[in-house]
Participant: 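Questions regarding the structure given below will be posed in turn.
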Amino acid sequence: MAADHTPAWVLIAYLIAGICFIVALRGLSSPESARRGNRAGMLGMGIAVATTLAIHDIASIVEIAIAIVLGGAIGLVTARKIQMTAMPQLVAAFHSLVGMAAVLVGAAAFLNPGAFGIVDSAGDILTVSRVELGLGVAIGAITFSGSVIAFLKLNGNMSGKPILLPMRHVINLGTLAAILGLIGYFTIDQSPWVFFTVAALSFAIGFLLIIPIGGADMPVVISMLNSYSGWAAAAMGFTLHNSAMIITGALVGSSGAILSYIMCRAMNRSFISVIAGGFGGDAVAAAGGAEAIDRPYKRGSAEDAAFLMAQADQVVIVPGYGMAVSQAQHALREMGDQLKAKGVRVKYAIHPVAGRMPGHMNVLLAEANVPYDEVFELEDINSEFAQTDVAFVIGANDVTNPAAKTDKTSPIYGMPVLDVEKARTVLFVKRSMGGVGYAGVDNELFYRDNTMMLLADAKKMVEEIVKALG
Amino acid sequence: MDFISILSIFVLACFVGYYVVWSVTPALHTPLMSVTNAISSVIVVGALIAAAAAGSATSKWLGLLGVVLASINIFGGFAVTARMLAMYKKRER
């Protein structure tokens, strides 16, 4: 085994790289330390790459340099140009690259196992390495094709509606069993067809797993794929006996798993039911939407909203995916500034699943220069709605629906929601009365006496309110 | 390193990950995803080994392609995280 000849300083260098990555994540406990943490992450990556290059006889340094420069340039330009509202797509695209890289490394290791030090004296790949390789390639391939579908759905190239194949659970479980069976068989027969069939089936199941999942469950999906990309890196780390890769893989794997758990809890749904897919389909929408059309509601203008908020002591703004879609965050900040100038206390309330990925709303508000100490999580602000004069809900719906607390038949029953109905007045900015939230259920808050509907594009409405306040 | 030492590192790192990630403030969950993305590209180590080794031309080209993909992630991931983190500001008093 080549790993046995590895000098001690190399093992220590990889360990230091791993520790840098831990420091990078630890930094994220507050925005100040996060910037330092990010630099620690870069340092760790630099150490890992430099160490690898230092200990190998490199037959192709020019090609490698070109590959790094090419990839680095694409990465930097993308990172600079990307709109903050497109962050979920970008993260999905990045996940797919990690998955593909894992597949490529796995394939390269299979074709040239000697270079990776995973052959026995007879020239066969070690049994334990075969299992690691098989798992690594399978997880990498699932990450790749799953992330590509997630990207297409988030980017709007593919409908966010769940696509339900007949017998999909049977197909999925069968494919999964075939993959695991083949990895087992790979330990006794290392023919290329076994290896590449594992890869092909894994690409297929990644695709099959994500197509039935609706747009609204994307926060879970994207966290789950984040987790997979980590496990893929860890599996490759086992193959290469590389502690930096194993530590990173474990960190990223647990990080994604915890985020998935937080997202599921915030929707009161089990992980299994999200994976099974089909949520937010047409059947549910039809059931909830029929009686809603004729109910009376109060409609207000931008001037009414401006008047109400200017009189208030405290206004709590509740943003949702609709704010991201219409890019209303900058106008919203302006509105907040004007209210503050009039002596109104302005706070923001964020539901964990608002938007399309964990922390989506926080990033958009930060982009618009909203100070982060005015932005509160659900459990920190929920008790304040009773002392709030105006709750300003913009582009959010289900996360405010009181049916989650009272109606046992509602599909969102049990989901933690923001208690906006306790505020003296609730203003809802919404494109039209017709659209329902992702769960396809009506929100009875729209028809209450203390609710005023502001029906318009979110950004236009906020801009008009800003004008009316000025 | 034998399999058991590697497994020990892995299991302990899972525990470290568990505690560290729970301490991340929810406001920074998006940067958390982008930075974990960047660091999971440490898989570039494997791609470099494949790209550097003589012996199989196919393996070398797969490795080089892997280096390109992982580099997109490394540079893109850290840069976009830095860009996001620079936006988080406290209230001016």
Side-chain angles (χ1 to χ4, degrees), chain A residues 21 25-26 28-29 31 34-35 38 41-42 48 52 56 58-59 63-64 67-68 70-72 74-76 78-79 91 94 97-98 100-101 104-105 107-108 111-112 115 226 229-230 233 236 240-241 243-248 250-252 254-255 258 358-359 362-363 366-367 371-373 377, chain B residues 1 3 6 9-10 13-14 16-18 20-21 23-30 32-33 35-37 39-43 45-48 50-56 58-59 62-76 78-82 84-85 87-91:
Chain A
F21 296 145
L25 296 199
R26 185 67 186 88
L28 289 165
S29 53
R35 291 183 267 267
N38 198 37
M42 296 181 203
T52 310
H56 287 88
I58 296 169
E63 286 103 316
I64 290 178
I68 293 179
L70 180 66
I74 298 174
L76 286 176
T78 315
V91 168
F94 278 171
L97 297 181
V98 177
M100 197 61 201
L104 293 172
V105 173
L111 294 171
N112 192 5
N226 184 241
S229 69
M236 286 300 151
L240 301 180
H241 296 199
S243 54
M245 278 166 88
I246 293 171
I247 294 174
T248 314
L251 288 176
V252 178
S254 0
S255 164
I258 291 173
N362 303 79
V363 171
E367 184 200 10
Y372 63 80
D373 41 5
E377 302 302 316
Chain B
M1 277 190 285
F3 181 74
I6 296 177
I9 295 178
F10 176 71
C14 284
V16 171
Y18 180 85
V20 166
V21 172
S23 75
V24 172
T25 164
L28 293 177
H29 275 163
T30 297
L32 171 68
M33 299 199 87
V35 82
T36 50
N37 207 295
I39 65 174
S40 59
S41 307
V42 71
I43 202 155
V45 166
L48 286 170
S56 160
T58 321
S59 173
L62 290 177
L64 282 173
L65 184 56
V67 173
V68 174
L69 298 186
S71 303
I72 296 178
N73 251 318
I74 293 171
F75 286 87
F78 282 124
V80 86
T81 308
M84 277 192 274
L85 291 175
M87 300 185 314
Y88 284 82
K89 291 189 197 79
K90 257 205 168 120
R91 196 175 347 198

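Numbered from 1 within each chain, the chains take letters A, B, ... in sequence-line order.
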Participant: Roughly how far, to the nearest 0.5 Å, is CD1 of A/Ile74 from CD1 of B/Ile72?
Facilitator: 4.0 Å
Participant: Who among A/Val91, A/Ile64, A/Leu70 has the most heavy-atom pairs with chain B under 4.5 Å?
Facilitator: A/Ile64
Participant: Where do A/Arg26 and B/Ser23 come nearest, in terms of heavy atoms and distance?
Facilitator: NH1-OG, 3.4 Å
Participant: In Å, rounded to the nearest 0.5 Å, how long is the span from NZ of B/Lys90 to OH of A/Tyr372?
Facilitator: 4.0 Å
Participant: Answer with side chain, backbone, both or neither: which region of A/Met42 has an atom nearer than 4.5 Å to a non-hydrogen atom of chain B?
Facilitator: both
Participant: Give, as side chain, backbone, both or neither, the part of A/Thr52 having an atom under 4.5 angstrom from any heavy atom of chain B.
Facilitator: side chain
Participant: Heavy-atom distances under 4.5 Å only: say whether B/Ile74 touches chain A with side chain, backbone, both or neither.
Facilitator: side chain
Participant: Closest heavy-atom contact between B/Ile9 and A/Ser243?
Facilitator: CD1-CB, 4.0 Å
Participant: May I ask you to name which of B/Phe10, B/Phe3, B/Tyr18 has the most heavy-atom pairs under 4.5 Å with chain A?
Facilitator: B/Phe10
Participant: With a 4.5 Å heavy-atom cut-off, do A/His56 and B/Leu48 have their side chains touching?
Facilitator: no
Participant: With heavy-atom distances below 4.5 Å as the criterion, would you say the side chains of A/Ser254 and B/Val21 are in contact?
Facilitator: no
Participant: What's the shortest heavy-atom distance between A/Ala108 and B/Ser59, and which atoms?
Facilitator: O-OG, 3.2 Å
Participant: Side-chain contact, heavy-atom cut-off 4.5 Å: B/Thr36 with A/Phe21?
Facilitator: no
Participant: Please rank B/Ala79, B/Ala54, B/Gly46 by heavy-atom pairs under 4.5 Å with chain A and give me the top one.
Facilitator: B/Gly46
Participant: Quick check on the interface: out of B/Gly17, B/Ala27, B/Ala50, who has the most heavy-atom pairs with chain A under 4.5 Å?
Facilitator: B/Ala27
Participant: If every non-hydrogen atom of B/Ile43 is compared with every non-hydrogen atom of A/Ala101, which pair is closest and at what distance?
Facilitator: CG2-CB, 3.9 Å
Participant: Under 4.5 Å, counting heavy-atom pairs only, tell me which of B/Ser56, B/Ala53, B/Ala70 racks up the most with chain A.
Facilitator: B/Ser56
Participant: Using non-hydrogen atoms only, which part of A/Glu377 is less than 4.5 Å away from chain B: side chain, backbone, both, or neither?
Facilitator: side chain
Participant: Rounded to the nearest 0.5 Å, what's the gap from CG on A/Asn112 to OG1 on B/Thr58? Could you check?
Facilitator: 9.5 Å
Participant: Is a donor on one side and an acceptor on the other found under 3.5 Å between the side chain of B/Asn73 and the backbone of A/Phe94?
Facilitator: yes
Participant: Which residues satisfy the side chain to side chain contact (heavy atoms under 4.5 Å, CB included) test with A/Ala244, sequence neighbours excluded?
Facilitator: A/Tyr14, A/Ala17, A/Asn242, B/Val42
Participant: For B/Leu62 and A/Ala107, which heavy atoms make the closest approach, and how far apart are they?
Facilitator: CD1-CB, 3.7 Å
Participant: Please rank A/Leu76, A/Ile58, A/Ile258, A/Leu111 by heavy-atom pairs under 4.5 Å with chain B and give me the top one.
Facilitator: A/Ile258
Participant: Who passes side chain to side chain contact (heavy atoms under 4.5 Å, CB included) against B/Ala82, sequence neighbours left out?
Facilitator: A/Asn38
Participant: Could you tell me the separation between the CD1 atom of B/Ile6 and the CD1 atom of A/Ile246, rounded to the nearest 0.5 Å?
Facilitator: 5.0 Å
Participant: Give, for atom CG of A/Asn362 and atom CE of B/Met84, the distance between the pair rounded to the nearest 0.5 Å.
Facilitator: 11.5 Å
Participant: With rounding to the nearest 0.5 angstrom, report the CD1 to CZ distance, A/Ile68 to B/Phe75.
Facilitator: 7.0 Å
Participant: Is B/Asn37 close to A/Val98 at the side-chain level, that is, under 4.5 Å between some pair of heavy atoms?
Facilitator: yes
Participant: Keeping B/Ser71 on the side-chain end and A/Gly72 on the backbone end, is there a donor-acceptor pair under 3.5 Å?
Facilitator: no
Participant: With a 4.5 angstrom heavy-atom cut-off, could you sort out which part of B/Val35 is near chain A: side chain, backbone, both or neither?
Facilitator: side chain
Participant: Grab the two heavy atoms, one from A/Leu104 and one from B/Gly66, that are nearest each other, plus how far apart they are.
Facilitator: CD1-N, 3.6 Å
Participant: Please determine, among A/Leu28, A/Leu251, A/Leu25, the option with the most heavy-atom pairs under 4.5 Å with chain B.
Facilitator: A/Leu28
